[in-house]
Amino acid sequence: MSFSAFSRGAAMLCAAFLCLQATAQIDQTYARDAKQAVDQDYTQRINKYTTMPELNSPLTNYLPASSTVPTPQKVLGDVSGAPDILPYAEDVYRYFRMLESASPRVKVFTIGHTEEGREMIAVAVADESLLNNYKENDARLAKLADPRTINMNDATAADLVKQSVPVYYITGTIHSPETGAPTALMELAYRLAVDDSPYIQYIRTHMITLITPVVEVDGRDRMVDIYKWHKAHPNENYPRLVYWGHYVAHDNNRDAMTLTLDLSRNVLNTYIGWHAQVLHDLHESVPFLYDNTVGDEPYNAWLDPILTNEWQMIGWNNVQEMTKFGMPGVFTHGDFDTWSPGYLMFLAAMHNGISRLYETFGNGGADTVERILTPGEYSRTWFRQNPPYPKVKWSQRDNNNYEETALLVSLNYFAQNGQTFLNNFYLKSKRSILKPNDSGPAAYVLPANEDSKDRQRMLLDVLRAQHVEISRTTEAATVSVPAKPKREKKDDTDDKDTKSKSEQPKTEQRTFPAGSYVIRMDQPYSRIADALLDRQYWAPDDPQKTPYDDTGWSLSALFSVEAVRVTEPAILKARMEPVPAGEGTGSSGGPVSTYLVPNHADPSLITLRYLLKNATVSVADASFTANNQQFPPGSLIIKDVSHDDMMSAFQKTLLTPVGVVSAPSVPMHTVGAPRIAMMHTWLSTQGEGWWRQVLDKQGVPFDYISTQTVSSEDDLRSKYDVILFAPVGFSRTAQIIQGLPMWGNALPWKKTDLTPNLGRIDSTDDMRPGLGYSGVDHLRHFVEQGGLLITSGDTAEFAIETGLAPGVSVTSHGDLKVVGTLLGTTVIDPKSPVLYGYSKPLTVYSEDGLSFNVSNTVGGTRGPRFGAGDERPTGRGGPDDPDTPQGRPFIAPDEQPKPKTWEPMPLNEEQLRNNPNVIPAELRPQVLLRFADLDSLLVSGLLDKGNLLAQHAAVVAAHLGKGSVLLFANNPLYRGETIGSYPLVFNAILNFDHLANPPATSKTTTDQ
Ligand SMILES: [Zn+2]
């Protein structure tokens, strides 16, 4: 008989004596302390706000009373999960600090601040005997976390495990519209501190529970504002939460690789600092409780199998226990694949801990409403034998019941098995250190002679933020590495291997110069470094047809930084020293008049331009040599700047300047500090949020304007040189123009007494109006008068569809499959300043495989205007022979042009005659970068039917009047990952008035 038979609905089916026995067992396990009084008022309210008895459990359907410790009611005015109440982070913190004052079992720690300066906290709850000695416990856990400190001695580890208790870290409301966690965690902390039931006592005496009740604090406070507005305007539509955090919305849970957000770094540092074993993140979107700990395939390929086994143990236990309570709709497995390491909870998976995530059912506020589920949500599947109800009246209290019950079940299971999990923690840490000798690799090496120290430093900074140790060689080291496949390139479309793969040598010797960076894999956090630097392959016929997120992320490719995967353990014997954090490379001396900065597609070149506002900065339009050093096109020549200003600017960027007494003789053009506007919609701000973050981090000033501003501003050109229009995400041109429907009420987003946290980033009286047709006109004037509009993804499609990019069209997708994939590219127009500094093939990020075709006529199809078929008709001879009319001499036609995939079809005289659609030569679109040939197209992730994308245009400069529109099929500024692509945008900004076709400084040749 299965345990599920004891669920409330099915209890009548089992034999009476078995039922009684089982019920007795359940009651004993979860029995309350008979001596402890119950808080009657609080308990009554819990039951009143719970919409059906089966949506609660014996663990949370009462609250124990305390004469000294305040309940959440003290701060909330009602119980946790009560209708209509959503506390600000500040109130949540106030409660935890009241708990701390009242109970020796609670301690509150500040763990950092957000981008907007709001505090983040972690709350430790455990028996006072544990809390008073948490530092000693932590010292032991630190040794288990780094077994090198105990010489990898298992016996010592076993002793440490025996003396220690685990730390279980819970994080709430990273996703701001998922609102239930803070009140659930307030009440959970109270229960852990106060309840004397054996079940809860066991938890607090056998482990430390660590709680960050609000992860996205900026977003929480905005969400509470929105909810208050909603309660004040009960019969109106309320504004969508268009900004969550300062930069991004839902993607704050995709930042765990590059750690660009304060919340990611604060949570990681807390997790690592406490040497926690679990990071358990709370979300709300799936009815009624989806424990995605177990997840679906494919599993991330860099995880220790001990962890993936732990997932099964913990996940299925959670489902089993809650099924026994009779709570419907609790399941695990589901459709979440664990491939990408971008999720917050995955910080634990990649640092020898256990990652966990709950999706409970939230109403996006504290209203009690009837929820109607979809068949996909309520259907019974093998992993969801007890599915949620098709329709349910659901309250925030129901949600809190599920969150708290599930967490208590998890904490108890973890406490009961604490020794096992601590031992596993030690084993996983040890196995991470043993990696060079088992699975490998031994190390990744970032050679000292990397072109761009800037991008290399940015990659090292990410690894350092991930707590990865970095070493640097003090002498040259030679090891064998996989041989590069050799092939002879004949031309762009037709290359064949000169030797079959089996004939080619598998390895070759490679010498890394002294000063090369080594990421050793014999360190506790080797796994995260391996996962970030390695390549990903997602098979086109993988059973998982809906990847949950990006399929590729290889950071060495995206940063365009060489990181050599070395499997030979000899590399670890090379002489090396640890690199201290924050060490720079900038230096220069001597009185000089001019500074030269080579352009190796370094993101920080633009930082320099804005730091040295008053200097004269020129961009070299050809390569040159100075001080025996080669400077590629695009290198900066800086004059009229004091030595001190220069040195302080270089220290900020860590670029290496070369001082010379006189400027080199080379074609160059001066560049100002272009005036930039970042234009956002009121539909969604996440795509531009990532772009905005990049500009802020690189110190590039900009005005932040909305499509509504552009709609009413008819002289954009007098204010701006460059307008950035980042991808909106899932938007259509009509939506960008029209905005939200104008029926119903206005949707304000602004600071008022009722909503003090709105309007901080931008504000409007009504979010509904879009760009409008006037806005399209204003953008057109802006470009015609010499401005540069930069677009990407759906905004590039917007530019095409509104006629701002004559001659450019979108390639039809067909069956092409690309899901957040890294793709190779080839430079087509190295003379374009956009591509200055790019000497190596660039890897770009493609969300869905967008690409462009270009044409010499407007209307944008690539084929010949008069569209005749190329195939020969039926007749004499073979397929390549001409047909021959009888009775007259044969007249051979002109040979048909055969342009490359990315090229426009040339027009003949016939097609040019009296054709108003022909674009004047100087206004024709230029393909700057195209996608690579099929055999080098996939770098990382999923690619199927790549032939539909290979060789098509990836980056195009379109021209309109005196200005240009730059169209990116890839997203060049994405999640802090696409460092290698940043300079495409920065080059374009710096050279915005130098993108004419052909460039103004070059000799012009007539285009036929
Ligand atoms: Zn979520």
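Quick note: numbers below take in every heavy atom, side chains included, and nothing from hydrogens, waters or symmetry partners. The first residue in the sequence is number 1, and the count goes up from there. Note that ligands are numbered from 1 as they come in the structure, with each ligand's atoms numbered from 1 the same way.
Residue contacts to the Zn ion (ligand 1): E178 brings an N, O or S atom closer than 2.8 Å. Residue contact annotation: H283 places an N/O/S atom under 2.8 Å from the Zn ion (ligand 1).
A side-chain N or O of N757 and one of R118 form a donor-acceptor pair less than 3.5 Å apart.
Scanning for ring-ring contact (aromatic ring centres under 6.0 Å, His included) contacts around F425 gives an empty result, with sequence neighbours left out.
Between the Zn ion (ligand 1) and the N, O or S atoms of H175, the shortest distance is to ND1.
Remark: D762 CG to M678 CE distance equals 12.5 Å, nearest 0.5 Å.
With salt bridges taken as basic N to acidic carboxylate O contacts below 4.0 Å, none links D225 and K751.
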